Amino acid sequence: MTQGYLGIDIGTQGLSVIFTDSELNVLGVGEAGYDMVPGLPDGCFEQNPADWVSALQEAMAAMRTGLGEAARAIEVLCIGISGQMHGEVLVGADSQPLGSARLWCDNRNDDEGHELTERFGVKMPRRMTATRWLWTTRNHPDRAKATRHMTTPAGWIAHQLTGEWFLGIGEASGMFPIDQSTLDYDEAKLASFEELVDVADAVPLKQLLPKVSLAGQEGGTLNAAGAALLDLPTGIPVAPAEGDQPASMAGSLIGEAGMVSV
């Protein structure tokens, strides 16, 4: 039996998986692609969350094919997830996405980005999930009213595997500003944000956002649905989903202030 770690990355054009041994030697890889939602106006970029899930299954199958007979003798100790940051995956009361997800590269909310930057006194680019959400409340109030959870592409895959709503702090910071004293979402800015939302009975953003987790903290464990999806046993720990930028920093062994990667 070979013990090791499973990594999952949800990119803009495709999803990749990797299995390493406990010494981080790569033993198996797999990948699968997906497309943008067709027919959208210029500058609009969306994907269907179901396509990420299908790609995950395809990538896992490709990895097992590559491993051959060795695939029967692997034991996954932990699962890590990274992905394209800043997406807006809106989820309804039935725990299903409310349509396709807007991606980091979608440019429909420039005005909201400038407005929040001025209001908060910190840079709030259009790619931030909060700027997308403000645009959604103004342009699709019915969808905003129906939303019960909000996450990113990596966060959605994590939820599919665990049933939990966690994000690593790096990924969470791409959704809404983090208070450096509490290492959680900035409460004052959340209150200020709600003053801009004019949708009756909409759930406050604070309640929609995933819980913030630090490195080493819990992100849930593989539940029955996730185990069936990956064809793995239940109970495997799943690290909080992180963004591609924080994950690449960790992969480059950047762990202290002042360290850079060129």
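In this chain, residues are counted from 1 in sequence order. Source: prediction; values computed, not measured. Only heavy atoms go into these numbers, but all of them, side chains included; no hydrogens, no water, no symmetry mates.
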Asp198, CG atom: more than 12 neighbouring heavy atoms under 6.0 Å: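 Not buried by this count: 12 neighbours or fewer within 6.0 Å.
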If you measure from [atom1] on [X] to [atom2] on [Y], what distance do you get to the nearest 0.5 Å?
{"X": "Asp106", "Y": "Leu40", "atom1": "CG", "atom2": "CG", "answer": "8.0 Å"}
{"X": "Leu208", "Y": "Met175", "atom1": "CG", "atom2": "CE", "answer": "8.5 Å"}
{"X": "Thr152", "Y": "Leu167", "atom1": "OG1", "atom2": "CG", "answer": "4.5 Å"}
{"X": "Leu134", "Y": "Arg126", "atom1": "CG", "atom2": "CZ", "answer": "15.5 Å"}
{"X": "Leu222", "Y": "Leu6", "atom1": "CG", "atom2": "CG", "answer": "9.5 Å"}
{"X": "Leu77", "Y": "Ser22", "atom1": "CG", "atom2": "OG", "answer": "7.0 Å"}

Met60: which of Asp231, Leu230, Ile8, Leu15 passes side-chain contact (heavy atoms from CB on, under 4.5 Å):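 So, applying the side-chain contact (heavy atoms from CB on, under 4.5 Å) to Met60 and each of Asp231, Leu230, Ile8, Leu15, only Leu230 qualifies.
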Partner of Val199 by side-chain contact (heavy atoms from CB on, under 4.5 Å), out of Thr147, Thr136, Thr137, Asp142: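 The residue from Thr147, Thr136, Thr137, Asp142 that satisfies side-chain contact (heavy atoms from CB on, under 4.5 Å) with Val199 turns out to be Thr137.
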Test side-chain contact (heavy atoms from CB on, under 4.5 Å) applied to Ile169 and Leu183, step by step: CA-CA 8 Å; Ile169 191 169; Leu183 299 182; 4.0 Å; yes
Between [X] and [Y], which heavy-atom pair has the shortest distance, and what is it?
{"X": "Gly30", "Y": "Ala62", "answer": "CA-CB, 4.1 Å"}
{"X": "Pro49", "Y": "Gln47", "answer": "CD-O, 3.5 Å"}
{"X": "Asp51", "Y": "Tyr34", "answer": "O-CD2, 3.9 Å"}
{"X": "Met85", "Y": "Glu171", "answer": "CG-OE1, 3.1 Å"}
{"X": "Pro210", "Y": "Thr151", "answer": "CG-OG1, 3.8 Å"}
{"X": "Arg119", "Y": "Leu196", "answer": "NH1-CD2, 3.5 Å"}

Side-chain donor-acceptor contact under 3.5 Å, [X] with [Y]:
{"X": "Asp9", "Y": "Ser16", "value": "no"}
{"X": "Asn109", "Y": "Thr131", "value": "yes"}
{"X": "Glu242", "Y": "Ser82", "value": "no"}
{"X": "Glu88", "Y": "Trp133", "value": "no"}
{"X": "Asp179", "Y": "Ser181", "value": "yes"}

Is there a side-chain contact between [X] and [Y] in this structure, where contact means two heavy atoms from C-beta onward sitting under 4.5 Å apart?
{"X": "Leu27", "Y": "Leu67", "value": "yes"}
{"X": "Asp184", "Y": "Ile178", "value": "no"}
{"X": "Val26", "Y": "Ile18", "value": "yes"}
{"X": "Ile10", "Y": "Ile81", "value": "yes"}
{"X": "Trp135", "Y": "Asp111", "value": "no"}
{"X": "Met259", "Y": "Leu253", "value": "no"}
{"X": "Pro177", "Y": "Met124", "value": "yes"}
{"X": "Val89", "Y": "Thr129", "value": "no"}

Let me check something: do [X] and [Y] share a hydrophobic cluster, defined by ILVMFWY side-chain heavy atoms less than 4.5 Å apart, either directly or through other members?
{"X": "Leu90", "Y": "Phe45", "answer": "no"}
{"X": "Leu190", "Y": "Met150", "answer": "yes"}
{"X": "Val212", "Y": "Trp165", "answer": "no"}
{"X": "Leu98", "Y": "Leu103", "answer": "no"}
{"X": "Leu229", "Y": "Phe166", "answer": "no"}

With the threshold set at 4.0 Å, does a side-chain nitrogen-carboxylate oxygen contact exist between [X] and [Y]?
{"X": "Glu46", "Y": "Arg102", "answer": "no"}
{"X": "Lys211", "Y": "Glu164", "answer": "no"}
{"X": "Lys206", "Y": "Glu187", "answer": "yes"}
{"X": "Glu118", "Y": "Lys123", "answer": "no"}

Glu31 and Val17: CA distance, side-chain angles, deciding distance, side-chain contact (heavy atoms from CB on, under 4.5 Å) verdict: CA-CA 6 Å; Glu31 59 183 25; Val17 297; over 6 Å; no
Verdict with reasoning, Arg138 to Glu115, per salt bridge (charged side-chain N to carboxylate O under 4.0 Å, His left out): CA-CA 13 Å; Arg138 292 170 173 174; Glu115 180 181 356; 2.8 Å; yes
Mutual orientation of the aromatic rings belonging to Phe120 and Phe176 [parallel < 30°, tilted 30-60°, perpendicular > 60°]: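 Plane angle over 60°, so perpendicular.
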Sidechain-backbone polar pair: Ser192 side chain, Ala188 backbone, donor-acceptor under 3.5 Å: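 A pair under 3.5 Å: no.
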Test item: Glu194 side-chain N/O and Leu205 main-chain N/O as donor-acceptor pair under 3.5 Å: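 Yes, because the side chain of Glu194 sits within donor-acceptor range (under 3.5 Å) of the backbone of Leu205.
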Full working for side-chain contact (heavy atoms from CB on, under 4.5 Å) between Val53 and Trp156: CA-CA 9 Å; Val53 177; Trp156 177 247; 4.2 Å; yes
Six-ring centre of Trp104, Arg127 cation under 6.0 angstrom, axis tolerance 45°: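 Geometry flag: not set, cation outside 6.0 Å or 45°.
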Derivation of the side-chain contact (heavy atoms from CB on, under 4.5 Å) call for Val122 and Thr117: CA-CA 5 Å; Val122 298; Thr117 294; over 6 Å; no
